[in-house]
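Here is the structure we will look at, set down as structure tokens.
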Amino acid sequence: MTDQLGITVTNHILSQQDRHAGATGAFTRLLSEIIMAAKIISSEVNKAGLVDILGSTGRRNVQGETVKKLDEFAHGLMVDRLYRSGHVAILGSEEDADPIEPPRGVETGEYVVMFDPLDGSSNIDANVSIGTIFSILRKRSSGPECDMSDMLQPGTRQVAAGYVLYGSSTMMVYSTGNGVSGFTLDPSVGEFLLSHPEISIPARGKIVSANMGYWHYWDENLKNYLRYLRQPGPERPVYSLRYIGSLVADFHRTLLYGGVFLYPADRKDPKKPYGKLRLLYECNPMSMLCEQAGGKASTGDCRVLEVEPTELHQRVPLIIGSPEDVDEAVAFISGQRNQ
Ligand code: AHG
Ligand code: MN
Ligand code: MN
């Protein structure tokens with residue numbers, strides 16, 4: 001596979017398309033529009049601070065969170081580019097309370113895309129890595145119209161998932177169900193080039209990633225797990241704590257270095273007992289990628305990908321990363337272990 005280093009992500013998608021009998025090129029066209037959106041957002045992110053794209057719009061989204069200008073820019077761009085592909089039936093975005101119907105007169109297709117246009121928004125103004133996350137499924141309902149059954153599909157039905165990380169370099173990581181590959185944007189040619197073929201997560205790591213500021217709001221089982229990680233053992237290293245506050249960046253490091261990322265259930269807000277991360281456009285795509293790389297992703301009760309969604313912006317707890325670390329975390333969280 002290393003002889004493929006440097007091939008463009010578009011050529012890689014086409015090679016994946018050849019593996020899908022009956023692939024019509026529609027999927028490739030769809031991913032190509034996501035790639036184009038990624039390049040444009042990357043360009044805006046890289047000049048943020050020089051142009052008036054930082055700061056807040058002064059509005060709040062359905063989540064009750066402040067909408068940053070770059071959130072809004074990325075959201076609008078993704079909607080425009082995805083519908084321009086001519087292969088989308090309906091969209092769901094973190095930045096819109098409701099499903100986003102196709103504009104009148106636009107050619108539609110069989111794909112449903114759920115996305116977080118800009119993940120880690122609170123970090124934008126501090127020049128900390130942020131990202132875009134997408135999840136691609138097939139329309140499920142019959143007939144030309146869409147309904148909520150097309151949006152509320154379990155993660156096992158994703159045909160593809162990926163993210164773009166706007167960091168020290170801009171990377172795209174995606175899977176169509178045949179493993180996970182990473183591409184780095186070469187700004188001099190404007191192409192994403194294969195830099196991380198066949199990503200495989202280590203069986204166990206030495207990093208735990210969680211917002212320890214919420215310690216007071218976590219249950220005792222979770223605290224027992226984190227205490228265990230902090231005690232050096234004869235056969236176990238002390239774990240480092242790394243937390244960036246952008247899921248894409250924290251997950252990308254976990255995917256490459258191993259370890260475990262947790263955004264667990266907490267008692268911060270009685271209205272949001274299942275933590276902050278959204279199932280359809282944060283937890284499901286990251287869980288598909290993690291499993292495709294040999295890792296695991298759990299809500300603490302079950303495999304994330306098997307959760308039957310009930311709402312568009314539904315939140316679930318997320319414990320994701322190296323298989324041995326996730327198993328260990330879930331054993332504590334479920335009360336099977338307390339040391
Ligand atoms: P978004 O910016 O799309 O709302 O996502 C932010 C999320 C996620 O990126 C990150 O893991 C989490 O918020 C951090 O939340 P805390 O600040 O509560 O730790
Ligand atoms: Mn997010
Ligand atoms: Mn977001």
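As a basis for the values below, the full set of heavy atoms in this structure was taken, side chains included, without hydrogen atoms, waters or symmetry mates.
Under the 4.5 Å side-chain heavy-atom criterion for Ile, Leu, Val, Met, Phe, Trp and Tyr, Leu318 and Met288 are members of distinct hydrophobic clusters. Cluster annotation: Ile207 and Ile199 are assigned to the same hydrophobic cluster (Ile/Leu/Val/Met/Phe/Trp/Tyr, side-chain heavy-atom contacts under 4.5 Å, transitive). Following chains of ILVMFWY side-chain contacts shorter than 4.5 Å, one cannot reach Leu31 starting from Leu193, and the two form parts of different hydrophobic clusters. Neither Leu137 nor Leu305 shares a network with the other; the hydrophobic side chains, linked directly or stepwise wherever heavy atoms of I, L, V, M, F, W or Y lie under 4.5 Å apart, form separate groups for each. Under the 4.5 Å side-chain heavy-atom criterion for ILVMFWY residues, a single connected hydrophobic cluster contains both Val307 and Leu280.
Looking only at side-chain heavy atoms (C-beta outward), Leu77 and Ile41 come within less than 4.5 Å of each other. Considering only heavy atoms from C-beta on, Val248 comes within 4.5 Å of Met286 through its side chain. In this structure, Phe192 and Met171 have side chains that are not in contact, with every pair of non-hydrogen atoms separated by 4.5 Å or more. For the pair Asn221/Phe332, no side-chain contact is recorded, criterion being any heavy-atom separation below 4.5 Å from C-beta on. Residues Ile319 and Val260 are in side-chain contact: their nearest non-hydrogen atoms beyond the backbone lie under 4.5 Å apart. Counting only heavy atoms from C-beta outward, the side chains of Trp218 and Ile333 never approach each other to under 4.5 Å. Taking the side chain as every heavy atom from C-beta outward, Ile133 and Tyr281 never approach each other to under 4.5 Å. Within the 4.5 Å cutoff, the side chain of Cys290 has heavy atoms near those of the Phe251 side chain.
Listed for the His252 side chain is no donor-acceptor partner under 3.5 Å among the backbone atoms of Val164. A distance-only check finds a donor-acceptor pair linking the side chain of Arg236 to the backbone of Gln231 [under 3.5 Å]. Using modelled atom types, one side-chain atom of Ser246 and one backbone atom of Ser129 make a donor-acceptor pair closer than 3.5 Å. Between the side chain of Gln153 and the backbone N or O of Arg138 there is at least one donor-acceptor pair closer than 3.5 Å. Under the 3.5 Å distance criterion, the side-chain polar atoms of Ser298 are matched with a main-chain donor or acceptor of Cys302. At least one donor-acceptor pair closer than 3.5 Å links the side chain of Thr132 to the backbone N or O of Pro117. Judged by distance alone, the side chain of Ser42 and the main-chain N or O of Lys39 form no donor-acceptor pair under 3.5 Å. Side-chain N or O atoms of Ser322 include none that pairs as donor or acceptor with a backbone N or O of Glu324 at under 3.5 Å. Checking side-chain atoms of Asp250 against main-chain N and O of Gly245 turns up a donor-acceptor pair under 3.5 Å.
Every residue was checked against the side chain to side chain contact (heavy atoms under 4.5 Å, CB included) condition with Ser122, not counting sequence neighbours, and none meets it. Residues that satisfy the side chain to side chain contact (heavy atoms under 4.5 Å, CB included) test with Asp269, not counting sequence neighbours, are Lys271, Lys272. Remark: Tyr111 pairs with Phe27 by the ring-ring contact (aromatic ring centres under 6.0 Å, His included) rule, at least two apart or across chains. By the side-chain hydrogen bond (donor to acceptor under 3.5 Å, both in side chains) test, Thr310 is found to be paired with Gln314, residues two or more places apart in sequence or in another chain being considered. Here Asp119 pairs with nothing under the salt bridge (charged side-chain N to carboxylate O under 4.0 Å, His left out) rule; sequence neighbours left out.
When all heavy atoms of Ile320 and Ala297 are compared, the pair lying nearest together is CG1-CB, 3.7 Å. Across Gly182 and Leu194, no two heavy atoms sit closer than the pair O-CD1, 3.5 Å. Here the closest non-hydrogen pair linking Leu279 and Pro285 is O-CD, 4.1 Å. When every heavy atom of Gly109 is checked against every heavy atom of Ala89, the shortest pair comes out as O-CB, 3.2 Å. Nearest heavy atom pair, residue Pro99 against residue Met151, reads CB-CE, 3.8 Å. Across all their heavy atoms, Gly321 and Val326 have their closest contact at N-CG2, 3.3 Å.
With hydrogens and angles left out, the side-chain atoms of Glu95 and Ser93 include no donor and acceptor closer than 3.5 Å.
By the 4.0 Å N-to-carboxylate-O rule, Arg140 lies too far from Asp150 to be salt-bridged with it. For the pair Glu282 and Lys276, the salt-bridge criterion is not met [side-chain N within less than 4.0 Å of a carboxylate O]. Salt bridge status for Glu311 with Arg278: absent, with no side-chain N to carboxylate O gap under 4.0 Å.
To the nearest 0.5 angstrom, Ile130 atom CD1 is 8.0 Å from Asn123 atom CG. In this structure, Ile201 CD1 and Lys296 NZ are separated by 12.0 Å, a value rounded to the nearest 0.5 Å. Glu101 contributes atom CD, which lies 6.5 Å from atom OH of Tyr83 (distance to the nearest 0.5 angstrom). Once rounded to the nearest 0.5 Å, the distance linking CD1 of Ile35 with OG1 of Thr8 reads 8.0 Å. Asn46 CG to Tyr166 OH: the interatomic distance, rounded to the nearest 0.5 Å, is 10.0 Å. The structure places CG of Asp325 at 7.5 Å from CG of Leu229, a figure rounded to the nearest 0.5 Å.
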* To do: Begin with the C-alpha distance, continue with both residues' side-chain angles, and end with the deciding distance and a verdict on side chain to side chain contact (heavy atoms under 4.5 Å, CB included) for Leu91 and Met78.
  => CA-CA 10 Å; Leu91 297 174; Met78 284 287 283; over 6 Å; no
* Asked: Run the side chain to side chain contact (heavy atoms under 4.5 Å, CB included) check on Phe73 and Ile40 step by step: do they pass?
  -> CA-CA 10 Å; Phe73 172 79; Ile40 296 169; 3.9 Å; yes
* Report the C-alpha distance between Tyr174 and Thr176 in whole Å, list the side-chain angles of each, state the deciding distance to 0.1 Å, and finish with yes or no for side chain to side chain contact (heavy atoms under 4.5 Å, CB included). => CA-CA 7 Å; Tyr174 88 103; Thr176 59; 3.5 Å; yes
* To do: Please report the C-alpha distance between Leu226 and Trp215 in whole Å, then the side-chain angles of each, then the deciding distance to 0.1 Å, and finally whether the side chain to side chain contact (heavy atoms under 4.5 Å, CB included) criterion is met.
  => CA-CA 10 Å; Leu226 296 167; Trp215 180 269; 3.8 Å; yes
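Of the candidates Ser175, Ser287, Ser135, Ser135 is the only one forming a side-chain hydrogen bond (donor to acceptor under 3.5 Å, both in side chains) with Gln158.
More than 12 heavy-atom neighbours from other residues, nucleotides or ligands sit within 6.0 angstrom of CG on Asp327. Within a 6.0 Å sphere centred on CD of Gln339, heavy atoms belonging to other residues, nucleotides or ligands number 12 at most. Other residues, nucleotides and ligands place no more than 12 heavy atoms under 6.0 Å from the OH atom of Tyr274.
Hydrophobic clustering, defined by side-chain heavy atoms of Ile, Leu, Val, Met, Phe, Trp and Tyr closer than 4.5 Å, groups Val128 together with Ile244.
Judged by the 6.0 Å and 45° rule, Arg242 forms no cation-pi pair with Tyr257.
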